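Everything on this sheet refers to the single structure shown next.
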Amino acid sequence: MSISPEQILVSSGTSPVMMLLFAVLLEEGDEVILSDPRYACYPNMVRFAGGVPVDVPVYEQDAFQFDPEAVRAHLTARTRAIMINSPSNPTGTLLSAERMAALAELGTPIISDEIYHGLVYEGRERSILEFTPDAFVLNGFSKQYAMTGLRLGYLIAPPAYMRPIQKLQQNFFISANSAAQQGGIAALQCAADDVARMKRTYDERRRYMLDRLRALGLGVAVEPTGAFYVFANARHLGQDSLSLAFDILEKAHLGVTPGIDFGPNGEGFLRFSYAAALDRIAEGMDRLEAYLASR
Ligand SMILES: Cc1ncc(COP(=O)(O)O)c(C=O)c1O
């Protein structure tokens, strides 16, 4: 893609960029379409700006991806944007090019959180800007470059929105940390080999974790092919994922995220992260195995 520098705003991570974007985009009562499940912070950000998050359920058999017709059925006169995230947190799955094109054709601006681009193990990630210019892209250095604590991210927006968003950025944050920006430039210029190595490592952990979880009877209908999460169906262990995650934490000393955190349709699932080292993942899976045996 060729993007004009005037369309890019650099800030202290994608999270502040999201806040600025929703502040500019939304009036009180405006709606934003979100998938259910989705990244836990999206509805909070929408509500903070006075907006209303509108959940459209997505299903494990369908790789937890938007069905454009279901999205269309939720569009109203107040819909300001459709939010997509591919690869996705919490599911690790990708939105196909066909679905991206179909969503773009709905004629509503799309906010595409592309923060897990670069961490894809099968297939290829696509940017929404390949399909429509009427889109906002969020990205940053927290995932692909593992620079999470340095707080660096950016927004690509249609030209008409840049000035109001820049004004908010300058009032609230002035600029992204300049040392972090130098680190970001170094990452873009020099870190390709490191990212390739890191990706191979993540892929090895992904395969290991999938095998272990399946052997323990946790369901993964469609394998995650991006990000660093497995969203496993644990409904046979109960309908209350928060209590289950808490029990696993208390008894096995293993941290997993309850599916309900990502929306009502995530209830009964557990999210496992493979951002930790392989020996720690192996230890975690051993503990989970012992926990399940003791139930
Ligand atoms: C989907 C998604 N978007 C955004 C973020 C936040 O990223 P940043 O560190 O750039 O604020 C995260 C972090 O977990 C995420 O998973």
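All ligand and atom numbering here is 1-based and tracks the order in the structure. What you see is a predicted model; the values in this text were computed from it and never measured. The residues of the chain are indexed from 1 along the displayed sequence.
- Residue contacts with ligand 1: Tyr116 is included, with a non-hydrogen atom under 4.0 Å away.
- Not a single heavy atom of Phe228 sits under 4.0 Å from any atom of ligand 1.
- Looking at ligand 1, you won't find any N or O of Asn85 less than 3.5 Å from one of its N or O atoms.
- Looking only at distances, no side-chain donor or acceptor of Gln169 sits under 3.5 Å from a matching main-chain atom of Pro16.
- Taking the six-membered ring for Trp and the full ring otherwise, Phe269 and Phe262 have centroids separated by 6.0 Å or more.
- Some N or O of Asp113 is nearer than 3.5 Å to an N or O of ligand 1, by distance alone.
- Near Tyr42, the atoms of ligand 1 lying under 4.0 angstrom from a non-hydrogen atom of the residue are 1 (C).
- Under the ring-ring contact (aromatic ring centres under 6.0 Å, His included) test applied with Tyr229, the options Tyr202, Phe64, Tyr116, Tyr274 reduce to a single match, Tyr116.
- Scanning the protein for heavy atoms near atom 7 (O) of ligand 1, the closest one is Thr14 OG1, 2.9 Å.
- For ligand 1, the atoms closer than 4.0 angstrom to any heavy atom of Arg151 are 8 (P), 9 (O), 11 (O).
- Between Ser96 and Gln65, the side chains place no donor N or O within less than 3.5 Å of an acceptor N or O (distance only, hydrogens not considered).
- Arg207 has its side chain out of reach of Tyr121: every pair of non-hydrogen atoms, C-beta onward, lies at least 4.5 Å apart.
- Within 6.0 Å of atom CD in Glu27, 12 or fewer heavy atoms from other residues, nucleotides or ligands are found, so the atom counts as exposed in its surroundings.
- One distance of note links CG of Asp113 with CD1 of Ile128; it measures 12.5 Å at 0.5 Å rounding.
- What sits closest to atom 11 (O) of ligand 1 on the protein, heavy atoms only, is Ser15 OG, 2.5 Å.
- Only the side chain of Ser142 comes within contact range of ligand 1, with a heavy atom under 4.0 Å; no backbone atom does.
- Between Lys143 and ligand 1, a contact under 3.5 Å exists for at least one N or O pair.
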